[in-house]
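Note: hydrogens, waters and symmetry copies are ignored here, and every other heavy atom, side chains too, is used. When a ligand or atom number is given, it counts from 1 through the structure's own listing order.
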Amino acid sequence: MDPQYIRNFSIIAHIDHGKSTLADQLLLKTGAITEREFHNQILDDLDVERERGITVKARTVALNYKHTDGQMYELNLIDTPGHVDFHYEVNRSLAACEGALLLVDAFQGVQAQTVANAYAAIEVDLEIITVVNKIDLPVTRIDDVLEEVETILGLDPYEALKVSAKKGTNIEDVFQAIVEKVPPPSGKVDNPLTALIFDAKYDPFRGVIVYVRVVEGTLKKGDPVRFMRKAFSDEVIEVGQFRPKGEPCKTLSAGQVGYIITGQKQLDHIDIGDTITHPKEAELITPLPGYQKPKQMVFCGMYPIDSKDFEKLRDELGRLSLNDSSFSFAPETSDALGFGFRCGFLGMLHMEIVQQRLEKEQDVDLIQTAPNVSYEIKMRNGDVVKIDNPQDVPDAGSIDEFREPIARVNFIVPKEHIGSIMQLCAERRGEYRTTEFIGGDRARLEYDLPLAEIVYDMYDKLKSITQGYGTMDYEVQRMEPAELVKMDILVNAERVDALATIVHRTTADRRGRGLCKKLKEEISKHQFQIPIQAAIGGKVIARETISALRKNVTAKCYGGDITRKRKLLEKQKEGKKRMKQFGRVEIPQKAFLSVLSAG
Ligand code: GDP
Ligand code: MG
């Protein structure tokens, strides 16, 4: 395929501005999918994506488009996720493209992730085509939106397209702009092979499916290939493109995006960002720079409910991490929970998604511990240690400096909510930076905030303060010393390691009280009284007591009709699955997450 007739582009936007719908519409217009498939949001095919109505994984599709000049073009489209947790996924996609369609909702206008994604595209020098979407909405603010595009993003408003992805209005303009504005890829088909691995997926029957963008040269079935970083060679048994389902093709050459299968079932040979070449050309090429490894921001423990499932969980985590290279896992043990893994994620949504994928796609039942951000401790002896687990915090006496990650946060909010946002940020130890007024009575506020104060519930707080109109985006900037301490939780006078958290000294009392109260609600009554205590060092700072169960309460369960009783038993069994016995006390899964809602 002559690279001159190839165009590679990503679709980027804030969440819900219509990326997946536009992608589907482009598929529909080029005949890649049917009308019925269009109404089904064909690209969001993971269970979690359908359930939540969001895109989690970037998707690649090759389209054939006949341009007005009569020439056939191959358009490789990448649909991307919008949520802040998935910036890494977006950045990887952008690196495989020459252009980007930047969608902006005709009513909502420029939002926090519009800004973040636009800047990411500008940074890698992509040609940006601005597309105002949803012009069919009964109320739009198109002129305001165009002004925002100019003032906040610095893009030319006169070149912006106006479309409805849902109704299919002005989609031809989109195709025209892609062909005419996005530059063709620069590689040459007869150069030595250089291909970038940008994603991968495990298939139990065919082995690993490796997603590649060919930068130089040509790849075909039967070719021996070398994975440079892994210094490993294999033979290609299939090359193909996504249309949108994987379809074998003869060759993939410079500028094209597709997949290769080598039948490989060993996951550790595949490294996202690695370069593939022909073994005999390995000396001739320079490996591609690949990707900067994403930094996991949020960590939690994941333990199999049944300890027999430990090995299975390890295998499933390995498989999932191949398809999602942005999460990490390492074995750990807990007195309370046994053998499990400490897993790292890009954010809370990412954590929820991984957990859900493990349970849904892989059928593993888990106990998950409360998430924490990653800290750093400078010891008195000069060593600096990274802390991903509150259990690893050393003795207070040996700590010189306890450091936490600080993020730069951008809020875009209606003007009337500026005061409340400032108050929220002040409560969260925020440091104010700037305010900038933008079109349509809105403002952009910039703050530096401790990551730990953002990840758990800042987004929900923002939404409730602004009645849903505010948006935010953040990026971790640096580590800074803070007055942090480890807070232990004792249940029935025994320390439960998996309930320990790291808190700021000024909020420790409040959090300790909140957590004890919450645990009291989550742990059910037993035959005996259970004290619950929060402690720092040896000092108890909060306490609650779960009173003992009275005999006649259980008596109620007996008698009554048999189906009701069976239902009750079934329910208890269901509940059991998510319990861990700790000493004489049963602690349910929900209790481990109490810290999230304990204020
Ligand atoms: P994404 O998060 O950017 O991928 O957004 P989706 O494509 O999932 O769309 C979010 C919502 O906006 C869905 O309910 C779509 O049906 C709706 N939507 C997308 N494009 C349009 C449009 O052109 N007009 C209208 N009225 N709704 C749209
Ligand atoms: Mg989407």
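- Scanning G18, A165, P138 for the heavy atom closest to atom 5 (O) of ligand 1 points to G18.
- Annotation: the span from S326 atom OG to F345 atom CZ amounts to 9.5 Å, rounded to 0.5 Å.
- Every residue two or more places apart in sequence or in another chain was checked for a salt bridge (Lys or Arg N to Asp or Glu O under 4.0 Å) with E172, and none qualifies.
- In this structure, K162 places its NZ atom where only 12 or fewer heavy-atom neighbours from other residues, nucleotides or ligands lie under 6.0 Å away.
- Considering each of S20, S164, A106, the one bringing a non-hydrogen atom nearest atom 4 (O) of ligand 1 is S20.
- Contacts between N133 and ligand 1 below 4.0 angstrom, taking non-hydrogen atoms only, involve the side chain exclusively.
- Atom OH in Y447 sits 4.0 Å away from atom CE in M422 (nearest 0.5 Å).
- Across the listed options K19, K134, K167, K134 owns the non-hydrogen atom lying nearest to atom 28 (C) of ligand 1.
- Here S420 pairs with I465 under the side chain to side chain contact (heavy atoms under 4.5 Å, CB included) rule; sequence neighbours left out.
- Heavy atoms of D16 found under 4.0 angstrom from ligand 1 belong to the backbone as well as the side chain.
- Annotation for ligand 1: atoms under 4.0 Å from non-hydrogen atoms of T21 are 6 (P), 7 (O), 9 (O), 15 (C), 19 (C), 20 (N).
- Atoms of ligand 1 lying under 4.0 Å from any heavy atom of L137, numbered from 1 in the order shown and given with element: 26 (N).
- A salt bridge between D441 and K415 is present, with a side-chain N of the basic residue lying under 4.0 Å from a carboxylate O of the acidic one.
- The proximity of L22 to ligand 1, defined as any non-hydrogen pair under 4.0 Å, does not occur for either the backbone or the side chain.
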